[in-house]
Every structure is written in C-alpha cells, then in structure tokens.
Peer 1: 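Dumping the structure here so I can ask a few things about it.
Keep in mind that the numbers below use all heavy atoms, side chains included, and drop hydrogens, waters and symmetry copies. Just so we're clear, the structure is a prediction, and the values are computed from it rather than from any experiment.
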Amino acid sequence: MNIFAQLISKQLNLPKEGVENTLALLDLGCTIPFIARYRKERTGNLNEVQIAQISDAYDKLKELAKRKETILKTIEEQGKLTDDLKHRIEECWDATTLEDLYLPFKPKRRTRAQVAREQGLEPLATLILLQRESHPERVAERYVKGEVKDADSAIKGAQDIIAEMVSEDERSRNTLRSAYRREAVITSKVVKAKADSEEAAKFSDYFDFSEPLRRCSSHRLLAMRRGESEGILRVSITANDEECIDRLIRQHVRGRGPCSDLVEEAVEDAYKRLLRPSIETEFASLSKEKADEDAIIVFAENLRQLLLAAPLGQKRVMGIDPGFRTGCKVVCLDAQGNLLHHEAIFPHPPVNHRMQAKMHVEQMVKDYRIEAIAIGNGTASRETSDFVKTLDLSHPVQTFVVSEDGASVYSASKTAREEFPDEDVTVRGAVSIGRRLMDPLAELVKIDPKSIGVGQYQHDVDQGKLKKSLDQTVESCVNSVGVNLNTASQHLLTYVSGLGPTLAKNIVEFRREHGPFSSRAQLKKVPRLGPAAYEQCAGFLRIPGAKNPLDNSAVHPESYDIVAKMAKDCGCTVDELISDRSKRSQINIQRYVTDTVGIPTLTDIMNELEKPGRDPREQIEEFEFDPNVTSIDDLTEGMVLPGIVTNITNFGAFVDIGVHQDGLVHISQLANKYVRDPNEVVHLHQHVRVMVKEIDHRRNRIALTMKF
C-alpha cells in the first residue's frame, strides 16, 4: 500500500499520511461519507471529493497491478522475461507505457511479419536494419527457399518484419503521441446517403466539421461519436502524415544507401499500415474517455443539485399528473406521503369538463385539508397551472410545478409495484410528483439516475463509470442530509453509509415488528447489523423525539461521552446544552482534545449542538411563468421572461420559460464576464430572468441570454 499512497499523493497533490490513512480506512470497508465526516483527524481533514478521488485512483492502481502480474506471467511463459524488462514492468505505473512494453510480446493474430519470420527472414531484417550492406539484394538471395521465390520476396518479407519492429518500438509510439497531442485534428463528414434524412438534421452542425482535438469540447466530441454510431457521420482523428513520417525516418534511418532506402520504405509502411491506425484508435479512445469524464462530472453535479433541491416538508399535498386527452390524474397524500384518494379530471380539450373538474378539485382540497399542490411539468402543465389558479379554495394553498422526469420509469418499476400493488401506473406517477414536492431526495432515490433527465449524452458515456459516479453522488446526498430512521423507505435506507439492500430491508422489517426506534442503540438488535455496520451508519440516522437528543443529530454515538462531559462541566444536561447558547459559549473545545479526537471533530460537534439535525437544503419558493406566453409562437426577440433552470451542461443551461420547449442560455450568455463552468452562475431549479435572443422555428430551438 505504501507505493500506492506515494503515487496517489503525488498524482493528487495531497499529503502522503492523509492518503495512507484514507487507504487503510477504505480497506476496512469504511464508506466515503463516513470517512469524510467522522475520521477527519485520520485523513488530515480531507473532504468527500478528495476521498472519492483517492478511492478512484486506488481502484485504478489495483487494476494496473493485476495487469502487470498477467503481463509478467505471459512474457515469462514465452521465456523472454529478462531482468531488465522485469524491473521496468515492476516499476511502471503508467498504463500506456506498460502496454508499450508488453506490445512486442503480446499474443497476436498471424501478421505479415510473423509469416516472414516463419520463412526464416528475421536475420535478413536485422542485417538491413543495420544499414551497412551496399548490395542487400545479393544477401537476400541466400534466403530464397520454400515459399520465398526470389530476392525481392525475401526483401519484402524482411521489410514487413522491420515495419512491425518500428510499430512496436516505444520511441516510435511516443514520437507519434507527441505529434498527435500537439497537432491532431478531429474531422466529421456526413454520410452522403443520409444527409437529407430527418434523423440527420440534429447533427447538421457536424456535416463538415473540423477542429484541433485538444480544443474539442466533450459535448461536441460526444455529439460526433453519437452521429457516427447512428451511421450519420464519419469521424476521424488525424495528424500531418508527412511530418510524422519524417520524424520516424529521422529516428530509424541512418545515412544514405540501398539498405537505408529499404528501411525508409519499411518505416513509411509501418506508419500508414500499423502505427497511424493504432495511435488514432488510442487517441479516439483517450478523447472519448476524457469526454465521458467531463460529461459524468456534469451529470453528477446536476444530480446532486436535483437531489438536494428544496423540500416542502411534511405537508398534505395534492399531486397532479397533467394531460389533455387522457385527463389529469389527481392524488391526495397525507403529511407522510401516504395515498388517501385518487381520481381523474378532464378540464382540457378534447373532453373539456372544466366546471366539473373545478368542483371536484375544490372539494378534494377541502376534504383532505390539502396544503400544497404539485403539478408535473410535462404535457398540459401550463394549462393545468392556469386551471388551478381559477379555483375558489376554502383556504390558502401553495402551488408548485415539479419536474416529472423519470416519474413514468418509477411508476412501472418493481419499487412502485411493491408500494402500490393495486394502483395503475398513472396513479403511481402522480404520487411520485406529489412526493417529490415534499422531499425530492427521498423520492428520487427510487429512480435510476440515468432516467431523471439531467446531464448530457448520459447513454453514450461509459456506463460502469457513470453508475459508480451517480451511486456515489446519491450516497453523498443522502448522508449529508441524514435520514429519519422511523419514516425512511427501504430504498432510501439502502444508500445510508454502511447499510445496503439487505440491512435496509432488515431495519424496515424490525421497525414493522417492534414499532418505531426509540434510540440509535436499538439498531444493534437488527438482524445482521453488526458493530462495523453500526459504526458506519449510526451518525447518519435521525430519531426525532428520541430520549437522547443527540440521536436526532449528526453527532456520532462514539462522541456522546464527549458531549456528556461538556454538559457536566457546564453543570447542565445535554438538553440544556443544546437549548442554551450561553452555556455552549462557555465551552473551550481545546480541553476535550485527545489522541483520537481533535479540533475538526470537536468543531463539528459544536456546530451540531447549535442546530441539531439541521437540513442543509434551501427553502422552497413558488414560481409563476409569464401568463401572456404559452407557446413558441408567442415569443419575440428581446422579450424578457421568468424561467426555471431545468438542466446544466458544460456548454450552458437550459431554461423552461413555459412554452413546452426549453431554451438554451449558452455559456457565453450566462453573465457579463468569462464563465468557465455554468455551475458558477446557475443551479438546477433556480428561478431566473432571461431575454429571448433568437428563435429557430424550423428546428424548434430557442436561444436565450442572461446578459441584459
């Protein structure tokens, strides 16, 4: 592990001791949220992002170590493992260099060079490569036998061997990599037969596109690759062929003469037939990997903002899944999100039972004491919002438009069927919309993050890396907010540090059998929840109204004794310490420092005592679109409108302005200054004012600006 700690410390520019301790904690099975929150003294106060980076780097190094073992074993079995080669492989921690070292020994299909070797032409290749012979064709005559019919055939075979040697040469490959890093150009051309097709229109920006690869942004690269996979575009990555060949010739050709000319021909063949395709593939893969990473970062950040969106809290909510022909599905939920009632109303065309719908909704609001209405933001959302504003309600009710992305996925899922086995998908979808208003985090964790609809090209990126990143993001959000142990669903508990599906299920079953938990210590009685899992999860689970007030805080049970000592030293109870600011102000945390508990943990404890179990999320706000604008035909350039940020990409932000088509605020239009990352300026669900810059009716696109 020491070598891993050294490498990661250098790579991430983090203190070696903190990295080493973090690796030790990860090996013990500790989760990233637990390490970041409760082991600050061990890590040197590293945050969650840094610990996640250490974890990712550690996984890559372990994979590389396994790869090295395989390579060493393969070369040894061939009887070609020299001490020098073994040392170089053992000391190598760069994947590209490692594969270069392995390339000459890698089992491969039967190549032209392999055929030439089988014909006994390797000694001739070595002679030509020395570039000393003045009459290579005479020497070649000695190798005319069997399938080698003449001297020309012998020389051609020898050149095939030289070409393969050049293509597998580490210096040659690095020379080309340097050239591609500096000069590579990515080009996309439309497949002529598809140019006029309807599906090709969305790729029209890339029909004849070219730019330096190092300047190609991730969203453009992923767009081109998607066009390529759909058969619309041809994409290539190239460098200057003549310059690349010249560089290789300077490396391998010495002086002038017949042998030098033959080597030069072999070098050119090596470049065109072997090296260029290999390096192009490598750079295509590397650029795609980099684009994937950028897109995954964008997606994870959007997901974080979505999960940490402001909750309404425990209120009695009416959820409406709007629609025209099939009507609006209406559900009434109690303050815990339980379904009390559902029915369909038809206030819109073609049915137009507007008065009947009005009477029904007004009666439901009264009967079920509804405090807020959540309307899905899909089809008929604006029309339904306008309809709700006409209601004559018995008491004030707040109205919110809620993102319904992924609601249909949830409604058809196993989780939804288990929750509502007797209801159809439309009812489940409306329940999800209502619950998202109450607590977005608790509801959205039930949906595959890829179906939530934020991010860019999520189906085109590496799915394994995407899943890992999104799972980490969900886990981070759940644990940063904390979870009510007595009301949390099995699905939500799954993401709590140290639990997972089995223990989450056991907790729910234990709660069902024995009633609500009265203390965190009771968790130890849950089947299969041992000391290690308890240590990991306890600090993130909350019990409102527990006998010990710390059970409803982020103070870990391992620190209860410290708080008890603080209270004793102040001559009061823990309850009084929490409620009385003057008593807390008497505490000098330096007095409570020990070998294992330092200032970071004690500072966290004091912050938690000030506001135990506080929710880090913002307060929710009502929003209203411009009542005069309902479709793209109502827009005019220069119009200023209210909007809600629905998605953030690394090229800008999409904003819903209430016309059934989100507009794009390009990154250059977000602020009157240079913006490197749109997240610096906007966040998901933010209420903004935008100006209409351009309307493209043909492609149904709206360009917006926030610079006015």
Side-chain angles (χ1 to χ4, degrees), residues 5 8-9 12-28 30-54 476 479-482 497-498 519-521 523 531-532 534-544 546-616:
I8 294 169
S9 170
L12 301 177
N13 196 23
L14 294 172
K16 182 171 171 288
E17 187 181 354
V19 172
E20 201 158 10
N21 287 338
T22 300
L23 296 182
L25 289 164
L26 288 168
D27 280 341
L28 288 171
C30 297
T31 67
I32 292 169
F34 175 79
I35 296 169
R37 174 81 199 192
Y38 297 115
R39 291 296 177 263
K40 291 182 176 178
E41 285 77 9
R42 292 281 303 278
T43 67
N45 217 359
L46 296 177
N47 61 38
E48 264 193 57
V49 173
Q50 291 167 321
I51 294 165
Q53 288 173 335
I54 291 170
S476 169
N479 290 289
S480 69
V481 170
S497 168
S519 73
R520 281 171 169 168
L523 280 163
Y534 178 75
E535 179 186 59
Q536 295 291 306
C537 74
F540 302 105
L541 296 167
R542 311 275 186 269
I543 306 176
K547 185 178 177 184
N548 186 338
L550 297 178
D551 280 349
N552 192 36
S553 76
V555 177
H556 197 281
E558 66 190 9
S559 298
Y560 284 8
D561 288 348
I562 297 169
V563 180
K565 191 171 189 309
M566 288 176 175
K568 186 180 176 185
D569 291 347
C570 292
C572 66
T573 64
V574 171
D575 268 319
E576 290 167 341
L577 189 65
I578 291 170
S579 60
D580 192 336
R581 190 172 188 174
S582 63
K583 291 195 183 301
R584 292 197 305 277
S585 66
Q586 299 170 25
I587 295 170
N588 176 8
I589 60 174
Q590 295 282 355
R591 291 179 54 199
Y592 302 95
V593 173
T594 67
D595 291 343
T596 54
V597 179
I599 296 299
T601 294
L602 293 166
T603 302
D604 282 349
I605 289 171
M606 293 306 295
N607 289 337
E608 196 58 30
L609 292 178
E610 192 175 328
K611 292 179 181 175
R614 68 173 176 268
D615 194 320

Peer 1: Which pair of non-hydrogen atoms, one from Phe34 and one from Ser497, has the smallest distance, and what is that distance?
Peer 2: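 Smallest interatomic distance, heavy atoms only, reads CB-OG, 3.7 Å.
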Peer 1: Taking the side chain as every heavy atom from C-beta outward, state whether Leu609 and Ile578 have any pair of such atoms under 4.5 Å apart.
Peer 2: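 With C-beta onward as the side chain, the pair touches.
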Peer 1: Can you check whether Glu41 reaches Thr596 side chain to side chain, under 4.5 Å on heavy atoms?
Peer 2: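 Result no, sub-4.5 Å side-chain heavy-atom pair not found.
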Peer 1: Distance from Asn588 atom CG to Met566 atom CE, nearest 0.5 Å?
Peer 2: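 It is 9.5 Å, given to the nearest 0.5 Å.
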Peer 1: Check step by step if side-chain contact (heavy atoms from CB on, under 4.5 Å) holds for Leu25 and Thr43.
Peer 2: CA-CA 9 Å; Leu25 289 164; Thr43 67; 4.2 Å; yes
Peer 1: Give the intermediate values and the outcome of side-chain contact (heavy atoms from CB on, under 4.5 Å) for residues His556 and Thr601.
Peer 2: CA-CA 10 Å; His556 197 281; Thr601 294; over 6 Å; no
Peer 1: Is any side-chain heavy atom of Ile599 less than 4.5 Å from a side-chain heavy atom of Gln590?
Peer 2: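 Answer yes - side chains close enough.
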Peer 1: Drop me the distance from Leu23's CG to Leu28's CG, to the nearest 0.5 angstrom.
Peer 2: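 Those atoms lie 11.0 Å apart.
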Peer 1: Measuring from atom OG1 of Thr22 to atom CD of Gln53, what distance do you get when rounded to the nearest 0.5 angstrom?
Peer 2: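 It is 11.5 Å, given to the nearest 0.5 Å.
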Peer 1: For Asp561 and Lys565, run salt bridge (Lys or Arg N to Asp or Glu O under 4.0 Å): C-alpha distance rounded to whole Å, both residues' side-chain angles, the deciding distance at 0.1 Å, then the answer.
Peer 2: CA-CA 6 Å; Asp561 288 348; Lys565 191 171 189 309; over 6 Å; no
Peer 1: When you check the gap from the basic side-chain N to the acidic O, do Arg584 and Asp580 get nearer than 4.0 Å?
Peer 2: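 So Arg584 does not pair with Asp580 through a salt bridge.
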Peer 1: Does some side-chain heavy atom of Tyr592 sit less than 4.5 Å from a side-chain heavy atom of Ile605?
Peer 2: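 Side chain of Ile605 against side chain of Tyr592, heavy atoms only: no contact under 4.5 Å found.
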Peer 1: Is there side-chain contact between Leu577 and Ile587, with heavy atoms separated by less than 4.5 Å?
Peer 2: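 Counting from C-beta outward, Leu577 and Ile587 do come under 4.5 Å.
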Peer 1: Please report the shortest heavy-atom distance between Val19 and Ser9, naming the atom on each side.
Peer 2: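 Heavy-atom minimum between the residues: CG2-CA, 4.1 Å.
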Peer 1: Evaluate the side-chain proximity of Ser519 to Asn548: yes if any heavy-atom separation is below 4.5 Å, no if none is.
Peer 2: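 No; the side chains remain at least 4.5 Å from each other.
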Peer 1: Compare every heavy atom of Pro557 with every heavy atom of Tyr534, then report the nearest pair and how far apart it is.
Peer 2: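 Tyr534 and Pro557 have their closest heavy atoms at OH-CG, 3.6 Å.
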Peer 1: For the pair Asn479 and Thr31, evaluate side-chain contact (heavy atoms from CB on, under 4.5 Å) and give the outcome as yes or no after the intermediate values.
Peer 2: CA-CA 11 Å; Asn479 290 289; Thr31 67; over 6 Å; no
Peer 1: Over all heavy atoms of both residues, which pair between Ile589 and Met606 is shortest? Give the atoms and the distance, please.
Peer 2: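 Residues Ile589 and Met606, closest heavy atoms: CG2-CG, 3.6 Å.
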Peer 1: CD/Glu608 to CG/Asn552 distance, rounded to the nearest 0.5 angstrom?
Peer 2: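 Here the rounded value is 9.0 Å.
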Peer 1: Got a salt bridge between Glu558 and Arg39, using NZ or NE/NH1/NH2 to carboxylate O under 4.0 Å?
Peer 2: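 Judged by the 4.0 Å cut-off on N to carboxylate O distance, Glu558 and Arg39 do form a salt bridge.
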Peer 1: Val597 versus Leu602: any side-chain heavy-atom pair under 4.5 Å?
Peer 2: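 A side-chain contact exists here, since the closest heavy-atom pair is under 4.5 Å.
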Peer 1: Nearest heavy-atom pair of Arg37 and Ala554: which atoms, and what distance?
Peer 2: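 Residues Arg37 and Ala554, closest heavy atoms: NH2-CB, 3.5 Å.
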Peer 1: Measuring from Glu17:CD to Asn21:CG, what's the distance to the nearest 0.5 Å?
Peer 2: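 Atom-to-atom, Glu17:CD and Asn21:CG are 5.5 Å apart.
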Peer 1: May I ask you to decide if Ile35's main-chain N or O and Arg42's side chain share a donor-acceptor pair within less than 3.5 Å?
Peer 2: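 Checked: no pair found.
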Peer 1: Just checking Lys16: does its NZ atom have more than 12 heavy atoms from other residues, nucleotides or ligands closer to it than 6.0 angstrom?
Peer 2: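 Yes, because the 6.0 Å sphere around NZ of Lys16 holds more than 12 heavy atoms from other groups.
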Peer 1: Which atom names give the shortest non-hydrogen contact between Ser582 and Ser585, and what distance separates them?
Peer 2: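 Reported closest heavy-atom pair: O-OG, 2.5 Å.
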Peer 1: Rounded to the nearest 0.5 Å, what separates atom CG in Leu26 from atom CD1 in Ile51?
Peer 2: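 Here the rounded value is 8.0 Å.
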Peer 1: I want to check something: taking the side chain as every heavy atom from C-beta on, are Gln50 and Leu12 in contact at a cut-off of under 4.5 Å?
Peer 2: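 Counting from C-beta outward, Gln50 and Leu12 never come under 4.5 Å.
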